[in-house]
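See structure below.
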Amino acid sequence: MALYLTELGSELVDAATERTAALQAKVLATLPSEYRDLFMKMLLLMVGLEVQTRIKIDPNNRADSE
């Protein structure tokens, strides 16, 4: 199966990507520089996009790294 974007679809993706990058920079600018990488890693973990670290929940409702 293949999926192709129309020219309009491609323009919409480009616009969303630009807005996302601008918003990310604005949010990260409020944090001290030493916390920015950690903040992004935590966000990726929360939405399930971090693949190198797995989170498990124990019966006591505590999150532990595997």
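Please read all numbers here as calculations on a predicted model, not as lab measurements.
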Output a table of donor-acceptor pairs, distance under 3.5 Å, between side-chain atoms of residues 16-30 and any protein atom two or more places apart or on a different chain; print 'none' if there are none.
| unit_1 | atom_1 | unit_2 | atom_2 | d |
| --- | --- | --- | --- | --- |
| T17 | OG1 | V13 | O | 2.8 |
| T20 | OG1 | A16 | O | 2.7 |
| T30 | OG1 | V27 | O | 2.6 |

* Asked: Would the number of heavy atoms belonging to other residues, nucleotides or ligands and lying under 6.0 Å from CD of E7 be above 12?
  -> no
* Using the side-chain contact (heavy atoms from CB on, under 4.5 Å) rule, take R36 and M40 through it: C-alpha gap first, then chi angles, then the decisive distance, then the call. => CA-CA 6 Å; R36 293 175 187 165; M40 290 303 297; 5.8 Å; no
* Are L45 and F39 joined in one hydrophobic group, where the rule is that I, L, V, M, F, W and Y side chains link up if heavy atoms are under 4.5 Å apart? -> no
